[in-house]
Amino acid sequence: MSDALPQPHRPSAAAPVERFAARTAGMTASEIRALFAVASRPEVVSLAGGMPNIAALPLDALAVEVADLVTREGQVALQYGSAQGRPELREQICEVMALEGIRADPDDVVVTVGSQMALDLVTRIYCDPGDVVLAEGPSYVGALGSFAAYQARVVHVQMDEHGLVPSLLRSALHTLAQQGITPKFLYTIPNFHNPAGVTLAVDRRAEVLAICAEYGVAVVEDNPYGLLGFSGTIYPALRSIDRDVVYLGSFSKTFASGLRVGWALVPPAVRDRLVLAAESATLCPPSFTQMLVSRYLAAHDWRSQVKTYSEAYRERRDAMLRALETHLPDGCTWNVPDGGFYVWLTVPEGVDTKAMLPRAVTARVAYASGTGFYADGFGSRQLRLSYCYPTPERITEGVRRLAAVLEAELDVMRTFGTPARLPSTPPEPRDGPQAPSPHTP
């Protein structure tokens with residue numbers, strides 16, 4: 001038997017929650033991210049995630065580029081680089097943005113590890129705890145996560161089928177001004193919106209910028225889908241109208257998401273702070289992936305590749321719209337996107353898409369509940385359907401399964417009456433970004 005005295009319990013210095021910074025309270029897993037593990041099961045038709053379909057990439061040609069890059073330039077590609085990004089890639093990024101009418105100086109481009117990093121850094125350098133950010137309602141879940149992490153408060157501005165409504169933007173800014181609040185910026189996804197699928201009308205773009213300028217509010221334009229239109233139209237970027245707009249771009253949707261190469265085009269006054277923030281976050285973006293993207297842009301017909309992507313997504317969108325029209329019960333409405341990845345669906349009154357989701361997964365179909373795209377509790381009658389990744393046949397089957405789940409929900413409501421909303425759930429907005437479906441008068 002040992003004579004040693006029992007040692008007192010010493011709690012780990014790293015474990016207690018009270019040691020964490022206050023801002024970590026806002027770092028919670030989004031509903032959409034939490035869904036991915038379930039949605040990735042092979043028996044589940046996932047209409048939830050926004051994964052690009054990269055099957056059409058010329059992988060053999062890219063394999064040759066990778067091998068040649070390592071052989072010829074490995075000493076550079078595998079070494080540290082500049083925090084702002086490689087100069088040749090920044091020049092090529094300016095050529096890509098020129099398609100949207102943007103005239104840019106490569107010195108004002110900062111390459112990042114995906115545009116999500118750019119958004120996070122922009123929020124970091126703009127927002128103190130308690131600051132207000134304006135965002136469309138609904139809005140991109142990754143943006144809401146960044147805003148919450150930096151303890152910014154989100155005020156949503158409603159959209160209609162033509163995107164952000166200028167009169168409602170002005171009303172929100174007027175109300176905030178009466179409270180002595182100037183939002184730090186408007187965050188907007190003008191083209192093929194995630195999750196709403198709508199596009200900001202061209203005649204509204206200058207008006208939105210003028211309203212923000214009148215109230216002294218910066219504009220952050222997030223545009224990952226802008227080149228993925230189905231009609232061949234490329235809409236003018238907000239940044240092409242106003243050089244003070246902070247523009248976020250990405251190669252995740254037009255080349256390969258796994259390379260994680262994005263960028264921010266910022267006014268010179270913002271650039272230096274953004275580079276310093278990037279240095280503190282990653283020191284520098286990976287040289288290897290930047291050089292591979294640069295080679296791809298220089299040696300391959302990337303415009304034709306974007307067209308191939310767009311055609312594939314248009315085929316999938318059409319399959320989804322046909323399935324929605326064929327299978328969904330009356331009372332559902334949805335938009336008809338002219339580009340991008342998403343359809344935004346509104347279900348009949350009384351159906352709660354968040355509460356219904358476990359039953360949908362049991363029926364082997366997954367979607368993203370609308371509540372994940374709002375910071376204020378709205379969205380319980382909406383859901384996002386992604387058509388970008390599944391085949392048209394899988395899309396059709398997924399919508400058929402979803403329709404059966406919806407019919408079951410409606411049968412329960414007809415039998416037992418419409419369920420009362422929880423007291424904590426705010427009423428749904430009367431208007432939304434969805435255009436009327438063919439079922440709706």
Side-chain angles (χ1 to χ4, degrees), residues 31-32 35 39 44-48 136-139 141 156 158-162 165 193-198 317-337 342-374 376-387 395-441:
E31 296 175 23
I32 289 83
L35 178 64
V44 175
V45 177
S46 178
L47 306 176
E136 291 134 341
S139 189
V141 66
H156 286 297
Q158 283 187 40
M159 294 183 285
D160 61 18
E161 65 270 25
H162 303 298
V165 181
H193 189 275
N194 178 9
V198 298
R317 180 216 50 186
D318 291 346
M320 176 163 284
L321 294 177
R322 286 194 300 269
L324 293 173
E325 177 63 25
T326 300
H327 296 292
L328 283 196
D330 290 345
C332 294
T333 59
W334 56 87
N335 66 306
V336 178
Y342 308 109
V343 166
W344 187 243
L345 173 66
T346 295
V347 298
E349 179 70 35
V351 177
D352 186 322
T353 61
K354 183 177 180 180
M356 187 178 74
L357 182 55
R359 294 185 282 279
V361 172
T362 300
R364 296 174 296 134
V365 62
Y367 57 82
S369 170
T371 54
F373 301 99
Y374 286 89
D376 54 9
F378 284 109
S380 63
R381 278 188 61 202
Q382 280 77 41
L383 57 88
R384 187 190 74 180
L385 298 175
S386 303
Y387 51 77
I395 290 170
T396 301
E397 176 60 19
V399 172
R400 187 193 65 78
R401 295 177 187 180
L402 174 62
V405 175
L406 270 170
E407 289 283 11
E409 295 287 303
L410 294 171
D411 282 344
V412 170
M413 288 169 51
R414 284 189 286 265
T415 302
F416 297 103
T418 302
R421 293 192 179 276
L422 296 175
S424 60
T425 304
E428 289 296 319
R430 288 175 293 176
D431 300 311
Q434 71 280 359
S437 80
H439 291 304
T440 306

> How far apart are the closest heavy atoms of His193 and Pro195, and which atoms are they?
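So the minimum-distance heavy-atom pair works out to ND1-N, 3.3 Å.
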> Distance-only, no hydrogens or angles: does the Ser46 side chain make a donor-acceptor pair with backbone N or O of Ala366 under 3.5 Å?
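Side chain of Ser46 to backbone of Ala366: no pair is present.
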> Distance from Leu410 atom CG to Cys332 atom SG, nearest 0.5 Å?
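Between Leu410 CG and Cys332 SG, I get 7.0 Å after rounding to 0.5 Å.
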> So, do Tyr387 and Leu47 sit near enough that their side-chain heavy atoms are less than 4.5 Å apart?
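They are not in contact (no side-chain heavy atoms under 4.5 Å apart), so the answer is no.
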> Taking atom types as modelled, is there a side-chain donor on Glu136 or His156 under 3.5 Å from an acceptor on the other?
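There is no such pair between these side chains.
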> Hey, does Phe373 have a side-chain heavy atom less than 4.5 Å from the side chain of Phe378?
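Phe378 vs Phe373: side chains apart.
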> How long is the span from the NE2 atom in His327 to the CG atom in Leu406, to the nearest 0.5 Å?
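Output value for this atom pair is 13.0 Å.
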> So, do Arg381 and Thr353 sit near enough that their side-chain heavy atoms are less than 4.5 Å apart?
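The answer is no; the side chains never approach within 4.5 Å.
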> For the atom pair OG1 (Thr333) and CD (Gln382), what is the distance rounded to the nearest 0.5 Å?
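Answer rounded to 0.5 Å: 8.0 Å.
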> Taking all non-hydrogen atoms of both residues, which atom of Leu383 and which atom of Trp344 are closest, and how far apart?
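It is O-CE3, 3.6 Å.
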> Heavy-atom distance under 4.5 Å between the side chains of Met356 and Val405, does that happen here?
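Yes. Closest side-chain heavy atoms under 4.5 Å.
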> Carefully, step by step, assess Val365 and Val44 under the rule side-chain contact (heavy atoms from CB on, under 4.5 Å).
CA-CA 5 Å; Val365 62; Val44 175; 5.6 Å; no
> If we only count heavy atoms from C-beta on, is the Pro138 to Met159 side-chain gap below 4.5 Å?
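Heavy-atom side-chain distance check passes, below 4.5 Å.
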> What's the spacing between Trp334 CH2 and Leu345 CG if we round to 0.5 Å?
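Nearest 0.5 Å value for the CH2-CG distance: 7.5 Å.
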> Would you say the side chains of Thr371 and Ser380 form a donor-acceptor pair under 3.5 Å?
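Thr371 vs Ser380: no donor-acceptor pair found between side chains.
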> Can you tell me if Arg364 uses its side chain to pair, donor with acceptor, with the backbone of Ala360 under 3.5 Å?
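Here the side-chain-to-backbone pair does not exist.
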> Working to the nearest 0.5 angstrom, can you tell me the gap between Leu385 CG and Ile395 CD1?
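Those atoms lie 9.5 Å apart.
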> Would you compute the distance between atom CZ of Arg317 and atom CZ of Arg322 and round it to the nearest 0.5 angstrom?
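The distance works out to 10.0 Å.
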> Indicate yes or no for a side-chain donor-acceptor contact from Arg384 to the backbone of Val343 under 3.5 Å, with no hydrogens or angles considered.
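Not at all, since once roles are kept as given, no pair shorter than 3.5 Å links the two residues.
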